Visitor: 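Below you'll find the structure I mean.
Throughout, protein chains are lettered first and strands after them, A, B, ... in sequence-line order, and every chain is numbered starting at 1. Fair warning: this is a prediction, and the values are worked out from it, not measured in the lab.
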2 protein chains.
Amino acid sequence: MTDRPDMPEIDRIDRAILRILAADGRISTTVLADRVGLSKTPVAARIRRLEAAGVITGYAAHLSARKLGLGHVAFVEVRLSDTREAALLAFNAAVRKLPEVEECYMIAASFDYLMKVRTRDITEYRRVLGETISALPHVASTSTYVSMESVKEPGISQI
Amino acid sequence: MTDRPDMPEIDRIDRAILRILAADGRISTTVLADRVGLSKTPVAARIRRLEAAGVITGYAAHLSARKLGLGHVAFVEVRLSDTREAALLAFNAAVRKLPEVEECYMIAASFDYLMKVRTRDITEYRRVLGETISALPHVASTSTYVSMESVKEPGISQI
DNA sequence: CCTGAAAAATTATTCGC
DNA sequence: GCGAATAATTTTTCAGG
């Protein structure tokens, strides 16, 4: 297995550091150092290195969607009328600006995109679908699947 | 609009605090206080209150999936052979234990669950699908949609 | 590349107003 | 909620192995 330029060397201790920081982004270097069994100096250096290399992209508070009244999750399949490069780029750029769209992936299937949309309730979802999503560049049609229950989800970091 | 017991009162300043903390989970109370135009004392108190109320559920480092060699994303529709309560609970509990399953929702549609699965590459996905997902309790059939491009996604906080 | 300790900087907390 | 003083932590630095 050869090195890839975009994949810095990450050893066992780096992984331990990442795992702990992923679970507690506010842990101090002191405590983290204890937990991985090293002194603070190398741990601080490793964190800096992982940040500089773009492995750690940032730190965020996780918020409870329910407590914020954003409990409605729907998935939307989107089909475009034009899938030439320029159309895709226009669609991508427009989607990235929508706060209600939490995730969006281009899919190799009978539809072109799959998006996760978070709203207050189904009424607001209906509004977002009709007014915003359908108005995205080159959208031909959509199919919506509504979540009845969240079995596993990351804490939201958006408000 | 009446208060809901599970939705604490969140005013304009709380929202500002949450928005900033969601974007930078490591910001200090001092800087945060400046940004929201209050002194540190009430800002620290508000953060404690939001944490205690469960609005802020935690803090996490965001990691680059690509740099960690976890760039493969697939969505799987899962149909169960048994959708009685006990079967659903068994499925839910089993799914929550799988690190590859980043998200999972119960869906009101022709399939029962939609899951987002993250792996190293399609080879590993095939292995996870065949060995792990298909072996989850009561799984009757699955359909997979592979992401070709991530247009918008939250930083992963899992390793 | 790590240890350990000292120094410097920041941060969180407390309290009277 | 303010602002200052105090207290506690944290980050950084550096000599040494």
Side-chain angles (χ1 to χ4, degrees), chain A residues 1-64 67-69 155 157-159, chain B residues 1 3 5 7-64 67-69 155-159:
Chain A
M1 202 159 347
T2 70
D3 293 351
R4 280 167 45 185
D6 61 333
M7 258 187 73
E9 320 242 317
I10 294 173
D11 64 18
R12 193 163 201 77
I13 291 174
D14 285 333
R15 292 214 172 255
I17 289 171
L18 292 172
R19 202 176 321 110
I20 293 167
L21 279 176
D24 180 1
R26 281 201 133 172
I27 196 171
S28 73
T29 314
T30 313
V31 179
L32 184 50
D34 265 6
R35 285 233 252 155
V36 301
L38 253 60
S39 67
K40 312 191 282 198
T41 316
V43 171
R46 279 165 184 268
I47 293 172
R48 262 197 301 273
R49 186 178 130 266
L50 291 164
E51 287 170 346
V55 178
I56 297 171
T57 58
Y59 300 87
H62 277 182
L63 310 179
S64 163
K67 299 264 168 119
L68 288 167
S157 44
Q158 172 213 158
I159 178 162
Chain B
M1 198 160 348
D3 292 350
M7 259 186 72
E9 319 242 317
I10 295 174
D11 65 17
R12 193 163 199 78
I13 291 176
D14 284 333
R15 292 214 173 256
I17 290 172
L18 292 172
R19 202 174 324 108
I20 293 168
L21 279 175
D24 180 1
R26 281 201 133 172
I27 197 171
S28 72
T29 314
T30 313
V31 179
L32 184 50
D34 264 7
R35 286 232 251 155
V36 301
L38 254 62
S39 68
K40 312 192 287 195
T41 316
V43 171
R46 279 166 183 267
I47 294 173
R48 261 196 300 273
R49 185 177 131 268
L50 290 165
E51 288 170 347
V55 178
I56 297 172
T57 57
Y59 300 88
H62 277 181
L63 310 178
S64 163
K67 300 263 166 121
L68 288 168
I156 67 171
S157 46
Q158 174 213 161
I159 180 163

Visitor: Which pairs would a plain distance check flag for residues 25-42 of chain A, meaning a side-chain donor or acceptor within less than 3.5 Å of a matching protein atom at least two apart in sequence or in another chain?
Guide:
from: A/Arg26; atom 1: NE; to: B/Gly25; atom 2: O; distance (Å): 3.0
from: A/Arg26; atom 1: NH2; to: B/Ile27; atom 2: O; distance (Å): 3.0
from: A/Ser28; atom 1: OG; to: A/Val31; atom 2: N; distance (Å): 3.3

Visitor: Return all side-chain donor-acceptor pairs below 3.5 angstrom for residues 54-62 of chain B, not counting sequence neighbours, or 'none' if the list is empty.
Guide:
from: B/Thr57; atom 1: OG1; to: A/His62; atom 2: O; distance (Å): 3.0
from: B/Tyr59; atom 1: OH; to: B/Glu51; atom 2: OE2; distance (Å): 2.6

Visitor: Hey, could you give me the CG/OG distance between A/Leu18 and B/Ser64, rounded to the nearest 0.5 Å?
Guide: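 One finds 10.5 Å between CG of A/Leu18 and OG of B/Ser64.
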
Visitor: Going 5' to 3' along DNA chain D, which nucleotides are the first and last within contact of chain A (any atom under 4.0 Å from a heavy atom)?
Guide: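 Range of nucleotides within reach of chain A: D/dT10 to D/dC14.
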
Visitor: Short of 4.0 Å, heavy atom to strand atom, which residues of residues 19-29 of chain A count as contacting DNA chain C?
Guide: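 Result for residues 19-29 of chain A: none.
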
Visitor: Quick one: list whatever passes side-chain hydrogen bond (donor to acceptor under 3.5 Å, both in side chains) with B/Arg19, sequence neighbours left out.
Guide: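 side-chain hydrogen bond (donor to acceptor under 3.5 Å, both in side chains) check on B/Arg19 returns nothing, list empty.
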
Visitor: Strictly below 4.0 Å, heavy-atom distances to any atom of DNA chain C: list the hits from residues 35-62 of chain B, or just say none.
Guide: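 Residues of residues 35-62 of chain B that come under 4.0 Å of DNA chain C are, in numerical order, B/Lys40, B/Thr41, B/Arg48.
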
Visitor: Can you give me the bend angle of the helix from C/dC1-D/dG17 to C/dC17-D/dG1? Use the axis through the first five pairs and the one through the last five, nearest 10 degrees.
Guide: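 If I round to tens, the end axes sit 20° apart.
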
Visitor: Please find the pair of heavy atoms, one from B/Ile17 and one from B/Arg46, that lie closest to each other, and give the distance.
Guide: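 Looking at all heavy atoms of both residues, the shortest contact is CD1-CD, 3.7 Å.
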
Visitor: Hey, what do you get for CD1 (B/Ile47) to CG (B/Asp14), rounding to the nearest 0.5 Å?
Guide: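 B/Ile47 CD1 to B/Asp14 CG: 10.0 Å, rounded to 0.5 Å.
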
Visitor: Restricting to side-chain hydrogen bond (donor to acceptor under 3.5 Å, both in side chains), what partner residues turn up for A/Arg15, sequence neighbours left out?
Guide: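 For A/Arg15 there are no side-chain hydrogen bond (donor to acceptor under 3.5 Å, both in side chains) partners, ignoring immediate neighbours.
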
Visitor: Would you check, one step at a time, whether the test side chain to side chain contact (heavy atoms under 4.5 Å, CB included) holds for B/Leu50 with A/Leu63?
Guide: CA-CA 10 Å; B/Leu50 290 165; A/Leu63 310 179; over 6 Å; no

Visitor: Walking along DNA chain C from 5' to 3', note the first and the last nucleotide with an atom under 4.0 Å from a heavy atom of chain B, and give both.
Guide: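 Here the contact window of chain B covers C/dT11 to C/dC15.
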
